Structure formats: structure tokens, C-alpha cells
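Below: one structure, written as C-alpha cells.
All figures in this text were calculated on a predicted structure; none of them were measured in a lab.
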Amino acid sequence: MRRFTLSILAAFCCIFLMSCKENYSNGEKVGNLIEFTKKGVIWDSWEGRLNLTQTGMNTSGEPFSFSFDNDRNDQGPLIKLLYQAQVEGWKVKIKYHEVWGLKNVFSNRGETDYFVDGVTVLDKDFANVSKRLPGARQGRVVDTIYVVIDKNELRNRGK
């Protein structure tokens with residue numbers, strides 16, 4: 001009976017380990033970086049959060065968290081591009097893949113299971129709407145108006 005139980009346990013472990021996937025899901029997200037830092041306790045990794053945008057407007061949902069894979073050595077240019085995108089406020093598209101199972105169980109590759117494969121800058125003037133409008137002039141202050149609201153006057157008008 002003990003041998004049977006060990007066989008079942010070994011078969012379950014083999015099935016679980018074989019089901020770990022490097023490319024569990026693939027996708028793209030568009031938005032502005034709200035955080036991009038290198039951090040870690042044992043393994044340092046580049047981590048970021050993207051405020052997602054939809055049709056040019058910011059969404060109110062949870063930011064998308066992603067990591068750069070510590071097992072890859074070819075991501076230096078992408079890290080520099082995202083760092084500049086955060087500083088400049090650029091709108092970017094991040095291509096990513098998600099791992100599943102024991103592929104990142106100790107967070108040695110990054111804090112999240114979403115790893116960046118590519119970055120595309122979509123708009124370098126995303127935060128400045130006036131630059132995107134053809135023929136738009138830069139705004140300026142012409143005059144200041146002060147408004148004083150008298151509560152007694154409002155009460156007398158209401159009667």
C-alpha cells in the first residue's frame with residue numbers, strides 16, 4: 001500500500017512539474033508608467049506598474065504590474081527606454097508573457113509572473129493635449145476674476 005501511495009504521489013508531482021508553462025499567456029497593455037524601480041531582497045529585479053489607458057483616457061482600474069526577467073541578459077535597452085518613458089510621461093505599449101506553475105515560485109526572476117518581451121513608444125506628447133491639436137495655441141492667463149458668494153443673498157433669493 002505504501003508503494004502505491006508513493007507511486008501516486010510521484011505521478012502527481014511529475015504531472016504538476018510538466019504542466020508548468022513559460023508562455024501561459026501572451027498579450028499587450030497600453031498606458032503610462034506610474035512606477036518603475038529596481039528592487040528586491042535577495043534577487044534585485046526591475047519592476048513596474050502601468051496605468052492603463054483606453055481611447056486616450058486613463059482607466060480607473062487596477063494598474064498592471066510587470067517585471068523584467070532576471071534570467072535574460074538582453075533587456076538593457078528596454079529598461080533604458082521604459083525609464084525614459086517614465087521620466088518624460090510617454091504613452092507606451094508593453095508586450096508581455098505570463099508564466100505559470102513553478103517557473104517563478106521563489107520570485108527569483110521577478111516579483112510578478114508577467115515578463116516584458118518588448119516596448120513600443122506610442123505617444124511622446126501624451127500628457128500635453130495642446131501640442132496634439134492642429135493649429136492650437138498655447139494657453140496663457142489673461143486676467144483673474146474673483147467671485148464672492150454671499151450666503152444671505154442666496155437665502156433671500158430662495159424665498
Side-chain angles (χ1 to χ4, degrees), residues 20-159:
C20 297
K21 291 187 74 174
E22 178 64 32
N23 286 321
Y24 174 68
S25 71
N26 296 296
E28 297 175 342
K29 302 277 186 183
V30 175
N32 291 72
L33 285 170
I34 55 174
E35 178 184 354
F36 190 58
T37 59
K38 186 172 187 175
K39 61 182 176 179
V41 176
I42 298 173
W43 295 285
D44 290 343
S45 61
W46 283 97
E47 307 293 329
R49 291 180 3 153
L50 190 71
N51 191 17
L52 303 176
T53 58
Q54 182 177 2
T55 64
M57 302 292 289
N58 288 341
T59 60
S60 60
E62 184 70 23
F64 173 67
S65 297
F66 60 88
S67 301
F68 276 89
D69 195 346
N70 282 338
D71 289 348
R72 293 178 60 181
N73 296 327
D74 62 341
Q75 296 189 317
L78 295 179
I79 291 170
K80 288 179 183 176
L81 181 62
L82 272 184
Y83 183 79
Q84 187 175 4
Q86 180 191 23
V87 171
E88 301 288 335
W90 297 344
K91 182 177 179 181
V92 295
K93 175 171 65 172
I94 294 179
K95 184 177 178 184
Y96 68 91
H97 74 277
E98 179 184 9
V99 298
W100 185 82
L102 297 178
K103 293 289 186 179
N104 192 32
V105 71
F106 298 113
S107 296
N108 59 318
R109 293 174 67 183
E111 286 188 3
T112 71
D113 288 335
Y114 298 94
F115 295 107
V116 175
D117 293 325
V119 176
T120 305
V121 176
L122 298 178
D123 191 353
K124 290 188 176 183
D125 288 325
F126 180 69
N128 191 351
V129 179
S130 65
K131 285 185 179 179
R132 289 186 284 165
L133 300 174
R137 295 184 345 175
Q138 190 68 20
R140 59 188 171 88
V141 176
V142 177
D143 199 358
T144 305
I145 299 173
Y146 294 98
V147 177
V148 179
I149 299 174
D150 186 3
K151 291 181 183 179
N152 292 327
E153 183 68 28
L154 289 174
R155 286 188 195 121
N156 291 339
R157 288 187 180 191
K159 291 182 182 180

How would you list, by chain and number, every residue that makes a side chain to side chain donor-acceptor pair (under 3.5 Å) with Gln86, sequence neighbours excluded?
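Once residues adjacent in sequence are excluded, Gln86 has no partner under the side chain to side chain donor-acceptor pair (under 3.5 Å) criterion.
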
Listed by chain and number, what are the side chain to side chain donor-acceptor pair (under 3.5 Å) partners of Asn152, not counting sequence neighbours?
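Side chain to side chain donor-acceptor pair (under 3.5 Å) check on Asn152 returns Arg155.
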
[X]: what forms a salt bridge (Lys or Arg N to Asp or Glu O under 4.0 Å) with it, not counting sequence neighbours?
X	result
Glu35	Lys39, Arg49
Asp74	Arg72
Lys38	none

Please report the C-alpha distance between Val92 and Leu50 in whole Å, then the side-chain angles of each, then the deciding distance to 0.1 Å, and finally whether the side-chain contact (heavy atoms from CB on, under 4.5 Å) criterion is met.
CA-CA 9 Å; Val92 295; Leu50 190 71; 3.9 Å; yes

For Leu33 and Ala85, which heavy atoms make the closest approach, and how far apart are they?
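What the structure gives for the nearest pair is CD1-CB, 4.4 Å.
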
Looking only at atom types and distance, does a side-chain atom of [X] sit under 3.5 Å from a main-chain N or O of [Y], one as donor and one as acceptor?
X	Y	value
Glu111	Glu47	no
Asn51	Asn32	no
Glu88	Lys124	no

In terms of ring plane angle, is the pair Trp46 and Phe36 parallel, tilted or perpendicular, where the classes change at 30° and 60°?
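Parallel: the ring planes of Trp46 and Phe36 meet at under 30°.
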
Take the angle between the ring planes of Phe64 and Tyr114 and call it parallel below 30°, perpendicular above 60°, tilted in between.
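Correct class here is perpendicular.
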
Atom pair CG (Asn26) and NZ (Lys95), whose distance is rounded to the nearest 0.5 Å
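Result: 7.5 Å between the selected atoms.
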
From NZ (Lys91) to CG (Asp123), nearest 0.5 Å:
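Output value for this atom pair is 6.5 Å.
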
Output, in order, the C-alpha distance, side-chain angles, deciding distance and verdict of side-chain contact (heavy atoms from CB on, under 4.5 Å) for Trp90 and Leu81.
CA-CA 10 Å; Trp90 297 344; Leu81 181 62; 4.1 Å; yes

Should Val99 and His97 be marked as a side-chain contact (heavy atoms from CB on, under 4.5 Å) after you check the CA-CA gap, both sets of side-chain angles, and the distance that decides it?
CA-CA 7 Å; Val99 298; His97 74 277; 4.1 Å; yes

Is the number of heavy atoms from other residues, nucleotides or ligands under 6.0 Å of Asn73 CG greater than 12?
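No, CG of Asn73 has 12 or fewer neighbouring heavy atoms, counting only those of other groups under 6.0 Å.
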
